[in-house]
Every structure is written in C-alpha cells, then in structure tokens.
2 protein chains.
Amino acid sequence: MTTLKEIAKRANVSVMTVSRVVKNSGYVNAETRKLIEAVIKELDYRPNEIARSLHRSSTKNILLIVPDIENPFFAEMIKGTTTVLRQHGYQSIFADSDGEIGNEKEIAERALSRIVDGVILYCPRAESAYFDFLSARVPLLVVDRRITSHAVDHIYIDNKPSAEAAVDYLIANGHRDIGLIGGPQNVLANLRRKSGYLASLKAHGIPVNDQFMFFCGFEFEDGVSAFEYFSQMEHRPTAYFATNDLMALGFIQQAQEKGLAIPSDISVVGFDNIAMSRLISPALTTVDNPRHDMGALAAFRMLKKLDPTVEVPQFSLTNRMVIRGSVRNIT
Amino acid sequence: MTTLKEIAKRANVSVMTVSRVVKNSGYVNAETRKLIEAVIKELDYRPNEIARSLHRSSTKNILLIVPDIENPFFAEMIKGTTTVLRQHGYQSIFADSDGEIGNEKEIAERALSRIVDGVILYCPRAESAYFDFLSARVPLLVVDRRITSHAVDHIYIDNKPSAEAAVDYLIANGHRDIGLIGGPQNVLANLRRKSGYLASLKAHGIPVNDQFMFFCGFEFEDGVSAFEYFSQMEHRPTAYFATNDLMALGFIQQAQEKGLAIPSDISVVGFDNIAMSRLISPALTTVDNPRHDMGALAAFRMLKKLDPTVEVPQFSLTNRMVIRGSVRNIT
DNA sequence: CACCTCTATGTTAACGAAAACATCTATCTG
DNA sequence: CAGATAGATGTTTTCGTTAACATAGAGGTG
C-alpha cells in the first residue's frame with residue numbers, strides 16, 4: 001500500500017515531484033527522475049486508481065447489466081462490448097439480473113453512486129418509464145429493446161423484416177403451407193418475428209391459417225411439442241418457420257425421431273443462428289443477428305457519450321439469412 | 001452530483017449531521033433527521049461510493065478474469081460467482097482475456113491499483129510463478145487450474161477419477177475395445193481425462209492399443225475427424241470415450257450420417273455435460289462437472305479471505321456421471 | 001450544587017492523488 | 001544589467017466521505 005507520500009519521503013522530494021514522475025508531466029530533473037523511479041520500483045508503488053477517480057470524478061468503469069450471462073446470446077453481446085471498452089481504457093463492471101426487474105433496478109441504481117461512468121442495459125425487463133429516470137441521472141444505453149422515449153439512447157434491430165425474408169425464402173422454394181412455431185407472445189422480439197411471418201404470407205397472397213400457428217415457450221422442448229401439435233393434423237404444412245433455433249432444433253429432432261427426413265419431408269427455417277444450428281444434420285437454415293456487433297456498437301456509442309471526440313465506426317446492423325441444408329425446393 | 005456539503009448547506013447543519021442521517025448512525029434529533037431526509041430527497045442525493053471506497057480503502061469490487069465468456073463453461077462459473085458475491089454486497093468487475101497471457105496479465109495488473117478487493121482467475125494461462133507474484137500483492141483465487149505453489153489459493157477438480165469412472169462404465173457394459181477421442185495434449189484437464197482412460201483399462205487388465213487413441217483439437221469437427229480415423233480400421237472399437245462432449249457430438253453425427261446407429265452399433269461417452277448433449281438423439285451419456293458450484297465456492301472462498309468471519313458452505317465438488325442413452329450393454 | 005451522562009451537533013484530519021498556484025535559480029534578451 | 005523566461009521544485013487546496021475528537025445543553029445522581 002505504498003503511497004506517493006512514502007515515495008516522496010524516501011526520495012527526499014515533495015509528493016508533487018513524485019506525481020510528476022509518475023504521470024510523466026511537467027518539469028523534472030533527469031537525475032531526480034531517475035532516483036524517484038528507482039524508489040518507485042523498490043517500494044513496488046502503483047498509483048491508487050480510487051484516489052484518482054475521486055479527483056477526476058470519473059472511474060473509467062462501465063456497468064453492463066444482462067438478464068442471463070449463461071445465455072450465449074448475451075455472452076456474445078457482452079464480449080463485443082467489453083473488447084471495445086477495454087481497447088479504450090475502460091473496464092466493465094458486470095452484473096446479471098437473472099431477468100428480474102427488481103434485481104435489474106437494484107443493480108442499475110448502484111450506478112448512481114458514481115462508481116461507473118455509464119450504464120449499458122441489455123434487453124432489460126423494466127418498464128420503459130424507468131429508462132427515462134435512469135437516463136436523466138447517468139449516461140445510459142439500452143440495447144436490444146425498442147424504446148419509444150426520445151430521451152433514451154438505444155440500439156434495436158427490428159426482427160420483422162428478416163423474419164419476413166425467412167418466410168419469403170420458404171415461399172420462393174415453392175412452399176405455400178407454412179407453419180409457425182411461434183414461441184411466447186409476450187416478448188417483443190418474438191412478436192416482431194411473427195409479424196414478419198404474417199407480412200410475408202400477406203405479400204404473397206397466402207391466406208393465414210390460424211391452425212398453422214403454434215404458440216409455446218422458448219425452449220427445445222417447445223419445438224418437440226410443436227411437432228406433436230402439427231403431426232396430429234390431417235393437412236400439414238410442408239415447411240415451418242420457428243421463431244428461434246432452439247425450437248427449430250427440438251422440432252427437427254422429434255421429426256427425425258418419428259422417421260421423417262429433413263428437408264425431403266419437411267423444410268424448416270430457424271432464427272438466431274446459435275452455435276448448435278450449424279452442427280446438426282442437416283445444418284439449419286436460419287437468420288443470423290449481429291450480436292457481437294451490437295455489443296461493439298453499444299460500447300462505441302457509450303464512449304462517444306462520454307467523450308464526443310470518439311469516432312463511432314459504421315456498423316450495418318442487419319439480420320442476415322444463413323442458408324444451409326434444412327429447406328427443400330419443391331417447385 | 002449532489003454532495004453532503006450541499007445538503008448540509010441547504011438544511012443549515014454540518015456535513016457530519018447529514019452523514020449521520022445517511023449512514024443512520026450516532027445521535028440525530030428526530031426533527032433534524034426529518035428535515036435532512038427531505039432535503040436529501042429533494043436534491044436526489046446519493047452517497048459517492050468512490051469517496052467512501054477511498055476512505056475505507058476497499059471498493060467492494062472483485063475482479064473476475066476468464067479466457068472466454070462466450071464459452072458456456074466459463075459463463076456458468078461466472079454466474080455462480082457473481083450471484084454469491086452480489087448477495088454479500090460485492091460487485092463483479094469482469095474481464096475477458098481472450099485466452100491470451102498478455103491480456104490476462106495486463107488485466108490482473110490493474111487490480112494492483114486497488115480498484116478491487118480481490119481477483120479470481122478462471123482457468124488462467126499464465127505461468128505458475130505469476131500467481132505467486134499476484135498472490136503476494138492482492139487476495140487471489142485461481143479456479144480450475146492445478147497449482148503446485150502452496151502460497152496460491154485455488155480450486156481444482158482432478159478430472160482423472162471421473163474419466164476413469166466413465167470408462168469403467170463402458171467396461172461394465174461389456175465393452176473391451178474402447179477408443180479414445182483424446183483432444184489436445186497440451187491442456188492439463190484433458191490430459192487428466194486421458195489418464196483416467198488409461199487407468200481404467202489398466203485396472204481391468206485391458207492392454208492399451210495405441211491405435212485406439214486419437215488426438216486432435218477440441219471442437220465438433222475434431223469428433224468428425226475422429227470418426228473418419230476409426231472407420232478406416234479393420235478391427236474397430238465397440239465403444240468410445242470422448243474427452244469432451246463437443247467431440248462426442250461430432251463423432252455421433254458423423255456416425256449417424258454414415259448409417260450407423262447409436263448405441264446399437266457404437267457406444268459413446270462424453271465429458272462436460274454441455275447443454276446440447278441432453279438434446280441430441282440419443283441423449284449423450286457423459287460426465288457432469290459442477291461449474292456453477294465451482295464458481296460459487298470461489299466466491300465464498302474469496303469472501304472469507306476478505307473477512308474471516310464469513311461462513312463457507314460445504315460444496316462437494318465432484319464430477320458426476322450422467323447416464324443417458326448413448327451406451328449399449330453388450331454382455 | 002458539583003459532577004456525570006446522555007443527547008445533539010460541530011470541527012479537524014485523513015484517505016491518495018493532482019490541479020492550481022507559488023517560489024526560486026539559472027539563463028537569455030534587448 | 002533590468003526584466004523576461006524556462007526549468008525545477010514546493011505548498012495549498014480539492015475531490016466527498018467519515019473516523020476521531022471537541023463542544024455544549026439537558027437531565028439525573030449523590
């Protein structure tokens with residue numbers, strides 16, 4: 001716990017001279033510098049960043065709040081963010097809210113104690129008025145959530161167009177009876193995917209069949225259930241759009257279990273492009289969202305908030321279809 | 001940026017009285033307190049944690065360094081740690097070293113500037129002498145790496161016994177020709193798994209066949225290569241032990257692609273119990289390691305370092321076999 | 001009533017660093 | 001050679017909070 005003072009005493013100079021050596025600023029005689037540097041080394045001195053932070057009233061820390069770090073979706077965004085922040089001399093304080101609004105707020109509130117220079121919220125659960133509250137008190141960025149308030153800076157990709165493109169792709173491959181494995185109906189991103197499905201059908205003059213839409217959870221098992229639901233029907237879809245890969249995977253596994261082949265019997269398109277979708281057989285055709293870039297952009301936008309001279313590079317944040325082997329052309 | 005001073009001025013009292021109200025300590029007249037509380041609310045005051053940290057010379061922050069947060073293995077450990085830390089009033093500063101020694105050291109070194117009260121290194125890459133250096137300067141805990149130095153506190157599960165148990169299980173199911181899909185030979189955990197394989201064979205008097213051991217990378221594709229390697233042999237193993245699930249998954253997928261059935265034609269055991277191993281068909285028999293608990297224990301051990309009165313709960317950190325459907329009894 | 005104790009509040013110093021300002025010498029310029 | 005200037009170093013104050021110490025009135029005890 002060496003301090004400037006101790007160095008100064010040992011070197012027989014004032015703290016200010018030592019400080020000048022440490023920060024390499026101002027005038028210091030070459031020999032004095034040498035002596036002080038030797039003492040610094042001898043006593044293994046390192047500046048106390050807390051004291052510095054207090055003085056400059058900035059900590060060079062950014063608080064990142066995610067609903068669940070075990071979800072690779074968030075892990076990848078976080079990685080994109082921390083990498084950029086670190087390159088710019090900022091550290092990431094990280095917190096996992098477990099998807100609970102209470103935790104989320106409690107954690108965010110800590111940021112108001114000036115332990116961080118800014119807060120980035122990933123896919124937060126709190127009500128939108130809360131973001132106005134926070135934003136008024138600390139540099140704030142909300143990622144992956146649509147925000148209506150003009151005052152709150154945010155990054156959001158609308159999933160509707162890419163979902164529509166995914167269904168367009170099925171239609172282009174000759175499918176007209178297309179099932180929707182629709183996931184939960186209380187998550188915005190998911191609803192936008194459903195909207196894309198509906199929009200595509202409409203654009204191609206295909207009437208919507210309510211029977212062809214199955215709503216469920218978000219998990220692998222929900223894909224299994226979806227298969228069971230559809231397999232009981234007489235007239236079944238030839239192709240399916242699952243609003244996330246995990247459900248698509250469950251659906252495909254169950255289909256194969258029951259002796260159906262993908263894509264010769266059934267075509268499937270997923271959404272998210274999780275790691276596993278590449279690895280199954282056949283590999284899943286899906287929609288990739290730029291998680292890493294979203295995280296990186298969030299970092300840059302935050303840096304610019306804190307220092308307007310920062311250059312924010314161009315990111316084209318668009319979802320992209322990844323065509324693999326789970327769709328068959330039936331024209 | 002309201003400070004105690006401003007509150008004091010507005011309420012016409014000294015800063016100390018305000019401080020007493022904020023910290024709820026010492027004597028304060030009920031009416032004075034009420035008045036001060038009103039002013040605090042009016043000015044939206046929050047104590048500056050940086051100033052507090054400086055004064056108490058402790059930040060209530062712990063630095064966590066992982067090689068790659070996108071790897072669910074680390075994400076789960078991190079979650080175990082942060083959850084416990086948060087419950088004890090500590091925040092997690094998080095950093096991703098990208099598996100590079102240089103980054104790892106650079107990040108760890110920051111901790112010496114007293115911005116954190118302790119450091120937890122997950123599966124670090126640095127040479128072991130470095131841990132002595134760090135440990136002498138900051139409360140340090142090393143997780144998932146064998147450390148010989150007596151001075152460095154660490155948490156480590158030897159993978160050999162559980163690997164041995166996994167192979168024992170294959171042998172108990174009547175297999176004697178057992179292939180090893182061995183992964184890279186420069187990673188300690190992986191070598192211990194290989195040692196377990198060898199130990200089990202030896203214990204059962206089964207001679208080791210060098211041809212039956214395939215060494216490769218760590219990925220899904222390496223499992224695919226492994227299948228290709230073994231399928232060229234005349235006399236093939238009836239069962240395989242893969243030193244991680246990802247390779248087992250690649251191996252199984254390729255086997256199924258080539259028309260072989262699991263487990264009727266080939267039995268496979270993996271290691272790690274990643275999420276996907278439950279989801280394939282047949283579900284993979286594998287070895288589960290308590291990632292979450294390791295993370296939680298790391299947190300408790302760190303807390304105890306910082307405050308010896310903390311109770312560290314009992315964790316039985318042992319790998320456990322998870323028997324599912326990828327092994328057939330051929331006796 | 002002298003003295004103690006409890007209640008209530010204020011003053012000073014400290015945490016470690018650094019910006020702002022001050023001092024002093026040596027050298028240079030007109 | 002007076003005065004400006006660059007070089008080298010020191011002193012004071014500030015960042016916001018709080019521990020330690022100081023003060024002072026009210027009420028109680030012997």
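Chain naming here is simple, since letters A, B, ... match the order of the sequence lines and numbering starts at 1 in each.
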At under 4.0 Å between heavy atoms, which parts of nucleotides 3-12 of chain C does protein reach? Answer with one letter per nucleotide, 5' to 3': B base, S sugar-phosphate only, - none. ----BBBBB-
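- Distances shorter than 4.0 Å separate none of the side-chain N or O atoms of B/K5 from OP1 or OP2 on D/dT17.
- A/I65 contributes atom CD1, which lies 7.5 Å from atom CG of A/L134 (distance to the nearest 0.5 angstrom).
- Within a 6.0 Å sphere centred on CZ of B/R33, heavy atoms belonging to other residues, nucleotides or ligands number more than 12.
- In this entry the distance linking OH of B/Y45 with P of D/dT18 reads 6 Å, nearest Å.
- A close approach under 4.0 Å does not occur between any side-chain nitrogen or oxygen of B/S57 and OP1 or OP2 of C/dC15.
- At whole-Å resolution of the value, CG in A/L43 and P in C/dG16 are 14 Å apart.
- Heavy-atom distances to DNA chain D give each of B/K23 and B/L54 a nearest nucleotide, and the one nearer the 5′ end belongs to B/L54.
- OP1 or OP2 of D/dT18 has at least one side-chain nitrogen or oxygen of B/R52 nearer than 4.0 Å.
- What separates CZ of A/R56 from P of D/dT13 is a distance of 24 Å, to the nearest Å.
- Rounded to an integer number of Å, the gap from CD1 of B/I7 to C1' of D/dT17 is 13 Å.
- Summarising the geometry, atom CG belonging to A/D44 is positioned 10.5 Å from atom NZ belonging to A/K41; distances are rounded to the nearest 0.5 Å.
- Remark: C1' of D/dT18 and NE2 of B/H55 are 4 Å apart, rounded to the nearest angstrom.
- Between the P atom of D/dT11 and the CG atom of A/L4 lies a distance of 15 Å, rounded to the nearest Å.
- Distance check, rounded to the nearest 0.5 Å: CG of B/L297 to CD1 of B/I155 gives 3.5 Å.
- When rounded to the nearest whole Å, the span between NZ of B/K9 and P of D/dG16 equals 13 Å.
- By the salt bridge (charged side-chain N to carboxylate O under 4.0 Å, His left out) test, B/E76 is found to be paired with B/R291, residues two or more places apart in sequence or in another chain being considered.
- Using a distance-only test at 3.5 Å, with no hydrogens or angles considered, no donor-acceptor pair links the side chain of A/S113 to the main chain of B/N48.
- Atom CG in A/N24 sits about 12 Å away from atom P in C/dA18, given to the nearest Å.
- Remark: B/E6 does not engage B/K9 in a salt bridge, criterion side-chain N to carboxylate O under 4.0 Å.
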